[in-house]
Amino acid sequence: MSTPIALIDCNSYYCSAERAFDPRLKGVPVVVASNNDGCAIARSDEAKALGIKMGDPVHKIKDKIKAHGIRVLSSNYTLYGDMQRRVLAAVEPFARDIEVYSIDESFLDLGGFEDRDLVAHAQAMRAQVLQWTTIPTCVGIGPTKTLAKLGNAAAKKNPLFDGVADLRDEPIRDWVLERFPVEDVWGVGSATARKVKDLGIHTAAALRDMPVKQARSMGTVVLERLVAELRGVPAAVVETIEPQRKGMAVTRSFGQPVTDFDVLMGAIAQYAMRAGEKLRSHGLVAGRLTVLFHTNRFADRPQYGASRTLSLHPMTADGLELVRVARKGAEHAWRDGYAYTKAGVMLEDLVSAELRPRTLFEDETDTGRRERLMAALDDINGKFGRFTAVPGTQGFKREWQMRAAAKSPAYTTRIADVPVVRA
DNA sequence: TCTGGGGTCCTAGGACCC
DNA sequence: TCTGGGGTCCTAGGACCC
């Protein structure tokens, strides 16, 4: 008998986090938009009922927003990140181990709790999260991660489960899998769904019953493992230690198109500086940098996009060095006459800063000086807010700055924004 | 006028080597 | 009739996730 695994997932997480501090958002349709106020990335139940889909461009649903008074909020990741901390604090006592899978989902190793009624256990956990954060959740339980995930989706869809679906029970598992669309199974994307449907496989149960060899030859080992997991044979475990990161990226769409190299370079400089900050906060250095920018692929206008990858030696986390290298790449890739709408900086070959290989001609004093400069920069920007001290390359106008027309306050992380209750 | 951002894993195929 | 064989490393691109 394998250890039971649970998946706890927050319902309409970003919308729920916003509602925690603004009661006016309760009972009305709410949508949280992606960066630049571009797409709908979280919808309350009321917004879903109005037909708002995940990823809908906000400008294409303007009429619906107006007609139904849908509240559209800019995303506030500082708030969502801090609320996640609180959710996890509530969940912690209910599991032996936790794997934080995303900002609103965690896998729980329920080893040691087997002799309890796990449905009641999960209900108690949901109540705790709700009480501490006001955020509603659903829980799926199963012998494998895939089944826990599937149970979670079933609990969300079917009110019969009252928020908790335990798929360790075989009759219940079969009942759910036979009614579960194959394209909704975790790990089945549009390409795989198309292929298996051609074979007449339309449900999770049919996918489970697919011959393993056929799964392997049609897909990859990934599909083979997926079939095993649906059968209750674990192919993955709850991972409790965070793996070393392989890459890091800072990419943004612009608030308005950019046609001038220096202006573009301002944005790229900001992203490179931010990428450096991220590296340093993880204690890493990078060995390779990619700079990229492109035009709006949805627009009926001439298109151009390019990227350049350059190596960083010595490996570094120095923001100014990243800016210098990114500029070199951007100069190479630049073409006049286009309206660019997005740019980015990506870093690869990451290693821990202590393990950084030294190069032959490196000036240790100079390296030390630059490291202190970066530390000072992090200090200033940490204390007085991001972008307090920046290189001049970023420019002062920053017309490319992304739109965020309706961003909520930093209720939990900035003292001036803490809600005040008046008697 | 307005369509996000940041990740991971896997495979195929080329380069290179003995 | 039948192009040597086998190994590693790297990269690009696809697929998937939230």
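Only heavy atoms go into these numbers, but all of them, side chains included; no hydrogens, no water, no symmetry mates.
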Start and end of chain A contact along DNA chain C [non-hydrogen atoms, under 4.0 Å]
C:dT11 to C:dC18
Take the angle between the ring planes of A:Tyr80 and A:Tyr13 and call it parallel below 30°, perpendicular above 60°, tilted in between.
perpendicular
When the ring planes of A:Tyr14 and A:Tyr77 are compared, do they come out parallel, tilted or perpendicular, using 30° and 60° as the limits?
perpendicular
Integer angstrom distance from the C1' of C:dC17 to that of B:dG4
15 Å
If only side-chain N and O atoms count, and only distance matters, is there a donor-acceptor pair under 3.5 Å linking A:Ser408 with A:Asn76?
yes
Report which part of the nucleic acid [X] touches: base, sugar-phosphate, or nothing (heavy-atom distance under 4.0 Å, all strands).
X: A:Gln256; answer: nothing
X: A:Val100; answer: nothing
X: A:Ser190; answer: sugar-phosphate
X: A:Asp104; answer: sugar-phosphate
X: A:Lys342; answer: sugar-phosphate

Partner of B:dC18 by Watson-Crick or G-U wobble geometry, both contacts under 3.5 Å, or none?
C:dG5
A:Gly255 or A:Lys246: which one's nearest nucleotide on DNA chain B is closer to the 5' end?
A:Gly255
Test: A:Lys157 cationic atom under 6.0 Å from A:Phe180 six-membered ring centre, within 45° of axis:
yes
